[in-house]
Amino acid sequence: MLSIDNTYNADELCAFDKRVEKALGQKGYDYVVELKIDGLAVNLRYENGLLVSAATRGNGSVGEDVTANAKTIKSIPLRLLGENLPEIFEVRGEIYMPVKVFSQLNQIREKDGKPKFANPRNAAAGSLKLLDARETAKRKLSFFAYGVGENSSLATDSHYESLQRLKSFSLPVNPHTTNAANIDEVISICMGWEQRRAGLDYEIDGMVIKVNSLAQHDILGATGRAPRWCISYKFPAEQCETVVENIAIQVGKTGALTPVAELAAVQLAGTTVRRASLHNFEELDRLGVCVGDTVVIEKAGEIIPQVVK
């Protein structure tokens, strides 16, 4: 299970399209655009229609066995339905925690005096690796399939067609998956979801763009870490303003001292933020941050809050 290279703007998406065109030697190709679910990638293996194993992506070759916990997720079928099921069939997809479930879980943890999860992705990852599958079942995780791994007889010509086959086998596929005739349509779809994503009941951190033809996948191939027929478009980091109430000094495990801004609580990317890193004293001087200042914060990699100005 390879990684996916990232793009951050329309120019970089166009550059990806140029690479595809050059490698294929033609413009005769289209794309499939999918929501990039912010969760945990897994591989589900079915044999004769029965779920026999589930593993996390791990290092791409070896992942953690999470079969018992995955079997508690209602949207993962224990037995595939439909006709002409492959004898061996591996499904790639994303396990995630719906936003409403995440909020309810954090309320319970706060009431019980336990630390709250930072975001739904961390909550999903932690829940999937619990030692007691009964506890995982209580976390109400969910799943979307987005691709096919090893299989013995799934004869399809395109990625979009393979997604339809997944649906016919009773596997959940995200309903917002879209065909795009060219890179201009891809860019329009990506920019549209940048505004619409707040209305979803799960978090996405971008879009995934895939060349549709499976034969062209073979021609394009992959680098050592990522396929050349696929790219992700990452949404810009969400920002907001708040006030610095104090600047504390954090002592790391190695004894390094890091200035941290203690903030008036503010909602950012789905979580309440009260502290943000200032990285080091040089950065503190460069920004000129003082107690009482209004600052702009964002989440680096959508995880760690930091002061940007």
Side-chain angles (χ1 to χ4, degrees), residues 1-5 13 16-17 19-21 23-37 39 41-51 54 57 75-96 142-190 192-193 202 204 206-222 226-233:
M1 295 178 68
L2 299 177
S3 299
I4 303 176
D5 287 334
L13 283 173
F16 165 72
D17 183 63
R19 294 194 298 272
V20 170
E21 181 183 344
L24 294 177
Q26 56 165 307
K27 289 191 175 182
Y29 55 89
D30 62 329
Y31 291 108
V32 177
V33 186
E34 304 170 21
L35 305 187
K36 190 174 182 295
I37 311 297
V42 293
N43 182 80
L44 308 177
R45 183 178 177 91
Y46 290 87
E47 295 179 2
N48 297 312
L50 294 177
L51 178 63
R57 180 182 174 277
S75 51
I76 293 179
L78 302 180
R79 179 191 292 272
L80 298 179
L81 304 177
E83 299 178 353
N84 302 317
L85 291 171
E87 182 179 343
I88 296 172
F89 188 50
E90 290 190 349
V91 180
R92 305 283 166 78
E94 199 85 1
I95 289 175
Y96 67 94
S142 199
F143 171 79
F144 280 127
Y146 57 64
V148 177
E150 181 188 357
N151 71 90
S152 56
S153 60
L154 189 72
T156 59
D157 296 325
S158 70
H159 174 63
Y160 193 82
E161 185 182 349
S162 71
L163 293 179
Q164 305 315 304
R165 292 293 299 278
L166 290 174
K167 288 166 65 175
S168 75
F169 294 158
S170 73
L171 288 153
V173 173
N174 191 278
H176 301 296
T177 300
T178 311
N179 252 132
N182 52 53
I183 198 64
D184 290 334
E185 286 190 16
V186 167
I187 292 169
S188 177
I189 293 167
C190 290
W193 274 108
Y202 46 85
I204 62 173
M207 309 295 289
V208 179
I209 300 95
K210 301 173 182 176
V211 172
N212 193 19
S213 167
L214 299 183
Q216 291 174 339
H217 288 195
D218 293 337
I219 295 171
L220 292 165
R228 293 190 179 94
W229 46 264
C230 178
I231 203 83
S232 80
Y233 169 74

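We count residues from 1, following the sequence as given.
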- Item | Exercise: identify the closest heavy-atom pair between Asn179 and Ile189 | O-CD1, 4.4 Å
- Item | Phe89 and its side-chain contact (heavy atoms from CB on, under 4.5 Å) partner, picked from Asn48, Val148, Leu51 | Val148
- Query: Passes side-chain contact (heavy atoms from CB on, under 4.5 Å), Asp184 versus Val186? Steps please.
  - Reply: CA-CA 5 Å; Asp184 290 334; Val186 167; over 6 Å; no
- Query: For residues Asn182 and Tyr31, is any side-chain donor paired with an opposing acceptor at under 3.5 Å?
  - Reply: no
- Out of curiosity, Phe143 CZ to Asn174 CG, how far, rounded to the nearest 0.5 Å? 11.5 Å
- Message: For Val211, is there any backbone N or O sitting under 3.5 Å from a side-chain donor or acceptor partner on Ser213?
- Response: no
- Task: Using the test side chain to side chain contact (heavy atoms under 4.5 Å, CB included), find all partners of Ser158 that sit at least two apart in sequence or belong to another chain.
- Result: Tyr160, Glu161, Asn212
- Side chain proximity check, Cys230 to Ile209, heavy atoms < 4.5 angstrom: no
- Query: So Asp157 and Leu214, side-chain contact (heavy atoms from CB on, under 4.5 Å) or not? Walk me through it.
  - Reply: CA-CA 6 Å; Asp157 296 325; Leu214 299 183; over 6 Å; no
- Note on the structure: What one should report as the nearest heavy-atom pair of Cys190 and Tyr233 is CB-CD2, 3.7 Å
- Query: Do Leu220 and Tyr29 pass the side-chain contact (heavy atoms from CB on, under 4.5 Å) test, and can you show the C-alpha distance, the side-chain angles, and the key distance before you say yes or no?
  - Reply: CA-CA 12 Å; Leu220 292 165; Tyr29 55 89; over 6 Å; no
- Could you grab the distance from atom CG of Leu163 to atom NZ of Lys210, nearest 0.5 Å is fine? 6.5 Å
- CD of Glu87: more than 12 outside heavy atoms within 6.0 angstrom? no
- Query: What residues form a salt bridge (charged side-chain N to carboxylate O under 4.0 Å, His left out) with Arg45, not counting sequence neighbours?
  - Reply: Glu47, Glu90, Glu150
- Task: Please answer whether the main-chain N or O of Val42 pairs with a side-chain N or O of Arg57 as donor and acceptor at a distance below 3.5 Å.
- Result: no
- Quick one: does Thr177's side chain have a donor or acceptor within less than 3.5 Å of a partner on Glu34's backbone? no
- Short side-chain to backbone donor-acceptor contact, Glu21 and Asp17, under 3.5 Å: no
- Message: Donor-acceptor pair, distance only, cut-off 3.5 Å: does the side chain of Ser232 make one with the backbone of Met207?
- Response: no
- Verify side-chain contact (heavy atoms from CB on, under 4.5 Å) between Trp229 and Val20, making sure each step is shown before the conclusion. CA-CA 7 Å; Trp229 46 264; Val20 170; over 6 Å; no
- Between the OG atom in Ser142 and the CD1 atom in Ile95, the distance rounded to the nearest 0.5 Å is 9.5 Å
- Item | Interatomic spacing from OH in Tyr46 to CG in Asn151 - rounded to 0.5 Å | 14.0 Å
- Query: Ile219 and Ala23: which non-hydrogen atoms are nearest, and at how many Å?
  - Reply: CG2-O, 4.2 Å
- Message: Minimum heavy-atom separation for Leu166 and Val173, please, with both atom names.
- Response: CB-CG2, 3.9 Å
- Task: Please round to the nearest 0.5 Å and tell me the distance separating atom OG1 of Thr178 and atom CD of Glu185.
- Result: 10.0 Å
- Item | Trp193 side, atom CH2; Ser188 side, atom OG - distance, nearest 0.5 Å | 12.5 Å
- Message: I want to check something: taking the side chain as every heavy atom from C-beta on, are Pro175 and Phe144 in contact at a cut-off of under 4.5 Å?
- Response: yes
- Is there side-chain contact between Tyr146 and Ile37, with at least one heavy-atom pair below 4.5 Å? no
- Residue pair Gln216 / His159, side-chain donor-acceptor N/O under 3.5 Å: no
Please tabulate, for the side chains in residues 77-86, all donor-acceptor contacts under 3.5 angstrom to protein atoms that are two or more places apart in sequence or on a different chain.
none

- Taking the side chain as every heavy atom from C-beta outward, state whether Ile231 and Arg19 have any pair of such atoms under 4.5 Å apart. yes
- Considering all heavy atoms of both residues, which atom of Ala41 and which atom of Met1 are nearest to each other, and what is their separation? CB-CE, 4.1 Å
